[in-house]
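Quick note: residue numbers are just sequence positions, from 1.
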Amino acid sequence: MGNIFVKKPKITDVDRAILSLKTQRRKLGQYQQQLEAVIEAEKQAARDLIREKKKERALLALKKKKVQEELLQKVDAWLLNVEQQLADIELASKQKAVFDSLKAGNNAIKAIQSEINLDDVQKLMDDSAEAKAYQDEINAILGEQLSAEDEEEVLAEFENLEAQLTIQDLPEAPVPELPHKEQEELDLPDVPTKAPVSSNVSAEAKVPEGRKVMEEPLPA
């Protein structure tokens, strides 16, 4: 395998300052914990000495506690200054990053604009306006071919054709089929082909000949 060379990131003065401040913050934090432990120990010793009625030694323990408390306040102030400096450096780093980004963006815009010729842009705008004017003229000419009355007739014809197609596309209504039994019940008799004979004629046909003669009037 070939040698792989990894380029190490360059350590700047800002990186060194941040590292130094973080180191001091860690050490001050440890010193804080030590002072707090000493203060608590002196306070507990003063309690014990008071119980033992050793006033002088109890007062000495409280004085030592007081000195440690004052020192702790100074350490707190130092630690606050370190934290403030770290925050300021971080803010300045972010501001620089934003500035670099804006600068790079500005350079990119200038590079793009350098590739655009103002004469070409003006020619493009003129061509676009000319093409739009030509299209508007074509639309005006096509629009003048039909009058308002013609437009109404075309619209009416369109609506008429649309209605016809809608009717043609409607499905046919199904015709219900009657059951076989109902068809038998609805059968009608045949229509007679001979004329009916009157009841009067039938009666005359049945009268005897002799009676018919008797009923005729005698000649005067």
Side-chain angles (χ1 to χ4, degrees), residues 1-30 32 75-180 182-183 186:
M1 295 178 62
N3 294 330
I4 300 175
F5 296 96
V6 179
K7 187 177 180 180
K8 295 182 179 180
K10 183 179 179 180
I11 300 176
T12 63
D13 294 337
V14 176
D15 297 331
R16 294 189 181 92
I18 293 175
L19 179 61
S20 177
L21 288 172
K22 288 184 177 180
T23 302
Q24 291 298 325
R25 182 179 61 180
R26 177 175 56 80
K27 291 181 178 180
L28 288 174
Q30 294 175 352
Q32 266 185 335
V75 173
D76 291 339
W78 296 340
L79 186 58
L80 182 61
N81 290 333
V82 172
E83 293 286 356
Q84 186 63 46
Q85 283 192 355
L86 283 173
D88 293 340
I89 292 175
E90 184 178 0
L91 179 60
S93 299
K94 291 185 180 298
Q95 289 175 345
K96 184 178 183 301
V98 172
F99 173 77
D100 293 339
S101 299
L102 293 175
K103 184 178 179 180
N106 190 30
N107 293 333
I109 293 174
K110 289 181 179 180
I112 294 172
Q113 290 176 346
S114 64
E115 298 177 0
I116 301 174
N117 191 348
L118 293 180
D119 295 335
D120 295 338
V121 174
Q122 186 62 42
K123 186 176 182 303
L124 177 62
M125 297 300 294
D126 294 339
D127 293 342
S128 299
E130 184 178 354
K132 184 178 183 303
Y134 182 73
Q135 185 63 39
D136 292 341
E137 185 177 357
I138 293 175
N139 294 335
I141 294 174
L142 293 177
E144 291 175 357
Q145 291 180 356
L146 296 178
S147 63
E149 184 178 357
D150 294 335
E151 292 286 350
E152 292 179 358
E153 291 180 358
V154 171
L155 182 60
E157 184 177 1
F158 170 77
E159 293 177 352
N160 186 20
L161 290 175
E162 186 179 24
Q164 291 178 4
L165 292 176
T166 303
I167 295 174
Q168 291 177 2
D169 293 340
L170 290 176
E172 297 181 358
V175 180
E177 296 182 0
L178 296 175
H180 182 69
E182 294 183 3
Q183 290 181 357
L186 295 177

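- Within a 6.0 Å sphere centred on CD of Gln30, other residues, nucleotides and ligands contribute more than 12 heavy atoms.
- Note: Leu155 CG to Glu153 CD = 11.0 Å, rounded to the nearest 0.5 Å.
- The distance from the OG1 atom of Thr166 to the CG atom of Leu161 is 10.5 Å, given to the nearest 0.5 Å.
- Residues meeting the side-chain hydrogen bond (donor to acceptor under 3.5 Å, both in side chains) test with Lys22, sequence neighbours left out: none.
- With rounding to the nearest 0.5 angstrom, the CG atom of Leu86 is 12.5 Å from the CG atom of Leu91.
- Atom CD1 of Ile11 has 12 or fewer neighbouring heavy atoms from other residues, nucleotides or ligands inside a 6.0 Å radius.
- Residues that satisfy the side-chain hydrogen bond (donor to acceptor under 3.5 Å, both in side chains) test with Asp15, not counting sequence neighbours, are Thr12.
- Around the CD atom of Gln164, the shell of radius 6.0 Å holds more than 12 heavy atoms that belong to other residues, nucleotides or ligands.
- Checked against side-chain hydrogen bond (donor to acceptor under 3.5 Å, both in side chains), Gln85 has no partners two or more places apart in sequence or in another chain.
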Quick one: side chains of residues 110-119, donor-acceptor pairs under 3.5 Å with protein atoms, not counting sequence neighbours, listed by atom name and distance.
unit_1	atom_1	unit_2	atom_2	d
Ser114	OG	Lys110	O	3.4
Ser114	OG	Ala111	O	2.5
Asn117	OD1	Asp119	N	3.1

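- In plain terms, the two heavy atoms of Leu21 and Val82 that are nearest each other are O-CG1, 3.3 Å.
- In this structure, the separation between CD on Gln24 and CG on Leu28 is 6.0 Å, given to the nearest 0.5 Å.
- Residues passing the side-chain hydrogen bond (donor to acceptor under 3.5 Å, both in side chains) test with Asp126 are Gln122, sequence neighbours excluded.
- The side-chain hydrogen bond (donor to acceptor under 3.5 Å, both in side chains) analysis of residues 86-109, with sequence neighbours excluded, yields the pairs Gln84-Asp88, Lys96-Asp100.
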